[in-house]
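Below is one structure. I have some questions about it.
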Amino acid sequence: MPSLSPPHKSAASGSAPSMSSKPSAPQTPPPPRKAKFRPALGGMVHGAFAHKSPDAAAGPASKKRAAVYMDSEDEDEDGGRAAAFTNGIANHSTPSGGKRKKMRKNGAANGGGNAQAQAAAKTRLLQEQRAQLPIAQGRDAIVRAVAANDVTIVLGETGSGKTTQIPQYLLEAGTLAGLLAITQPRRVAATSLAARVSQEQGRPLGTLVGYAVRFDEKLSDETRVKYLTDGMLMREMMGDPMLERYGVVIVDEAHERTLRTDLVLASLKRILKERNAGQAPGKGKERARNPLKVVVMSATLDAEKFSRFFDDAPVLYVKGRQHPVSVYHTATSQTDYVDAALRTFYQIHVDYPVGDVLIFLPGQEDIESLELSIRTYAKQLPANALGVLVCPLYASLPNAKQSRVFAPTPAHTRKCILATNIAETSITIPGVKYVIDTGKQKEKRHLTRMTGSGFDTLLTTDITKSSAMQRAGRAGREGPGNCFRLYTEDAFDAMALSSEPEVRRSSLTSALLQLKCTGQDLESIDFMDNPEVEAVGSALRTLWLLDAIDVKRQLTAFGRSMASFPLEPQYAAILLASVDNKCVADVISILSLLSSSSPLFPDSSAQRDDAAEARLKFRHPSGDHLTMLNVFRAYDELSASEGKGARRDWCRQNYVNERALREAGDIRTQLRGVCERTQLDWAVSCGDADGPVLKSLTRGLLQHAAFLQPDGSYKQTLGPSVIKIHPSSFLTGKPCPAIIYNELVRLSSAAAVTSRAECIHRCTQHISTPAASRLCLRHS
DNA sequence: GAGCACTGC
């Protein structure tokens, strides 16, 4: 092995990964079980870790926890989830349950049976599989518990099958009144689970079993079981605050504690109080006619907390089975986790048998850096060594590149996946036997200020214990695995148990507006964890400034209209303002692009100058928003005459992200639909005039306005901060008397500086408009 | 003249 320094920027001087000491012998001999992860990482520890059951991890089981201990085979809900992962990616079900199924199906096809017989055979097979699931032994216990209690907590390990089976048990028990809803934090999960359960019921998707997610639903009058995102259920609550249509609501993945899950849980508690009142034993008032049953499903640790929140609801424990994963910690802490990951990867590559490696890193930058390093070293491997295939994986990576992680690993090759948190929950990758965990992640935090609407930060932080366990578990999906943690066992012990729930760290403006529409309030609602007082104040102030609530904190008619749009409240206010300003069509296009999860102008350092030049032709003197509108208009024009290929070429030539435009197109269609339902004409355009658009934008962004100061920086009108324009903005170097902007982010470089450094911000996507200053003065 | 984890309506 050559002993060159890794190309990674901060490689330890001169010391190459210890693979140099290991002649690249044939890969076949399996290593000793208690591996020697010793290396250049400074002497290795082990950290034998037997797969801990949640009980062991959570402490002694409480008395009221009814154990339904069940071993589960590999058949699980995540297989289905992976299968439907993102558009255009074909079946990637886990080899375990999925393979058998596929083989059987092919066999039937070869036999020439007709479609109906095939379908029947398939249904029979699925029923056999269901019956063999160990969770099936707990079926009666589960049905009884739900019948006897308003709320039941189910603590189920990964792979227990709870998400697919429990709804069916309740359905098949025949006691179901009304619809059964089952919420998921992610859209892909809701759609793929519905498809799987539908299949198990032997019915076409959208009949007995259906789903509802943004942009897509498959439902009918027959539908009894409905998988939906938690955001979707919150939206339904705005029209049906008591969820009268539903007899059972199951909240899945509650341990993730997303803002929407917490909102759903809090709302369910309120609904239970109303709908199930009078059910209590003893003095009977009139018995509730339409009682609601709630099931909360969690994968970790927090079961007791959910139980307490719902007045000591009983906890059922469903055991899943994962293969054992041996966990190793480093003996000393690592200063450079990218370099440590590089060394560890090659340690595995040289010492361990075939099997893919999954490396968890905080972000794109680290992923790209490590990818380069691994590639560089791979070229130096001897000809007879196992090859290396590097696959990056993060959300903003184009779909086509993401799907590479699912392609079967070629012969005589080891796949190495470099992933962000996306591989922790959203995407399950088959074939992974080794996990390298840097122990880092990026976390967004909303910092509230006394004035202004606060700003977001995105910082690299240590992960939590539950994240670490989740990451390790990714190595044991299909067989025994190994997890190498690039931090010490002490560091693991020092980690927080789980992340702070989202309700404690994000902006609550949108949540507050939704709650107001269901007749609730942030101050009065009973949350699992209460939000910070400052965050509530900030949300109230923002809604008041937008005219969504009045001085008595009552929802206004304007606020109610705002809430009917699937947009941030600020953006909804802009849209409604554009009705008065007669530029709805133009503003909807801009808002769709701003709401898209992908950036329209991605930054790739390699081609930055070319990109800037190519985009110059769209530049609008007013700023970034109108520049974006120019791009969208050009793309629309092209779409009217040209096909898919031409559009793709055009986007490539102009360095704009087609994914952003496509997603914006979906959002725009949805927004137009809401306009039609509320009798607003979305086709009105102001043509080339920019005034109406600027005026509308200012209506929603008045908290995000700033004046030019003599030194060229800007001072917030409704906040204490001095800000500057991000260099990627089209307004850079073109001072204007006042700007509005739609995002304010703290520079990570400034975070290290003392004194007044925290007042230096990055502001992106602004626009210059004298109208902004006048409006803001009046409103302030 | 700088950097962007993930998700939802």
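Any value given below was found using the heavy atoms of this structure, including those in side chains, with hydrogens, waters and symmetry copies removed. Reminder, nothing fancy here: chain letters follow the sequence lines and each chain counts from 1.
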Original post:
How close or far is atom P of dC6(B) from atom CD of Gln441(A), stated in whole angstroms?
Top reply: 12 Å
**OP:** Give one of base, sugar-phosphate or nothing for Tyr394(A), where a contact means two heavy atoms less than 4.0 Å apart.
**Re:**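 Sugar-phosphate contact only - Tyr394(A) comes under 4.0 Å of backbone atoms but never of a base.
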Subject >> Which nucleotide in dC9(B), dT7(B), dC6(B) has an atom nearest any side-chain atom of Arg235(A) >> reply: dC9(B)
Original post:
How close or far is atom C1' of dC9(B) from atom CD of Gln514(A), stated in whole angstroms?
Top reply: 7 Å
Subject >> Whole-Å gap separating C1' (dC4(B)) and CZ (Arg659(A)) >> reply: 13 Å
Original post:
Choosing from dC4(B), dC9(B), dC6(B), which nucleotide comes nearest the side chain of Glu568(A)?
Top reply: dC9(B)
**OP:** Starting at atom CE of Met234(A), determine the distance to atom C1' of dT7(B), rounded to an integer number of angstrom.
**Re:** 16 Å
Subject >> DNA chain B: 5'-proximal contact among Thr229(A) and Ser396(A) (nearest heavy atom) >> reply: Ser396(A)
Original post:
Roughly, in whole Å, what's the span from CG in Leu515(A) to P in dG8(B)?
Top reply: 20 Å
Original post:
Is it true that Glu256(A) and Arg186(A) have a side-chain N and a carboxylate O under 4.0 angstrom from each other?
Top reply: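 Looking at Glu256(A) and Arg186(A), the cut-off is met.
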Original post:
Does dC9(B) have OP1 or OP2 sitting under 4.0 Å from an N or O in the side chain of Arg187(A)?
Top reply: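 The answer is yes; a side-chain N or O of Arg187(A) sits under 4.0 Å from OP1 or OP2.
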Original post:
Is any side-chain N or O of Ser595(A) closer than 4.0 Å to OP1 or OP2 of dC9(B)?
Top reply: no
**OP:** Would you mind classifying the nucleic acid contact of Leu259(A) as base, sugar-phosphate or nothing, using non-hydrogen atoms under 4.0 angstrom?
**Re:**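 Since no nucleic acid heavy atom lies under 4.0 Å of Leu259(A), the category is nothing.
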Original post:
Looking at Leu731(A) and Pro621(A), what are the two nearest heavy atoms and their distance?
Top reply: CD2-O, 4.2 Å
Original post:
Does Lys401(A) NZ have over 12 foreign heavy atoms under 6.0 Å away?
Top reply: no
**OP:** Starting from the 5' end of DNA chain B, give me the residue, Lys444(A) or Gln670(A), whose nearest nucleotide shows up first.
**Re:** Lys444(A)
**OP:** Rounded off to whole Å, could you give me the OH-to-P distance for the Tyr741(A) and dA2(B) pair?
**Re:** 19 Å
**OP:** Just call it for Thr258(A): base, sugar-phosphate, or nothing, with non-hydrogen atoms closer than 4.0 Å on any strand.
**Re:** nothing
**OP:** Please confirm whether the backbone N or O of Val656(A) pairs with a side-chain atom of Asn654(A), one donor and one acceptor, at under 3.5 Å?
**Re:**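 Absent.
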Subject >> Aromatic contact, Phe632(A) with Phe618(A) (centres under 6.0 Å) >> reply: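 No, ring centres 6.0 Å or more apart.
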Original post:
What is the distance, rounded to the nearest whole Å, between atom CD of Glu253(A) and atom P of dG8(B)?
Top reply: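 Those two atoms, CD and P, are 13 Å apart.
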Original post:
Please give, in whole Å, the distance from dC9(B) P to Arg668(A) CZ?
Top reply: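 The answer, rounded to whole Å, is 20 Å.
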Subject >> Among dC9(B), dA5(B), dT7(B), the one nearest Arg260(A) by side-chain distance >> reply: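 When the side chain of Arg260(A) is considered, dT7(B) is the closest of dC9(B), dA5(B), dT7(B).
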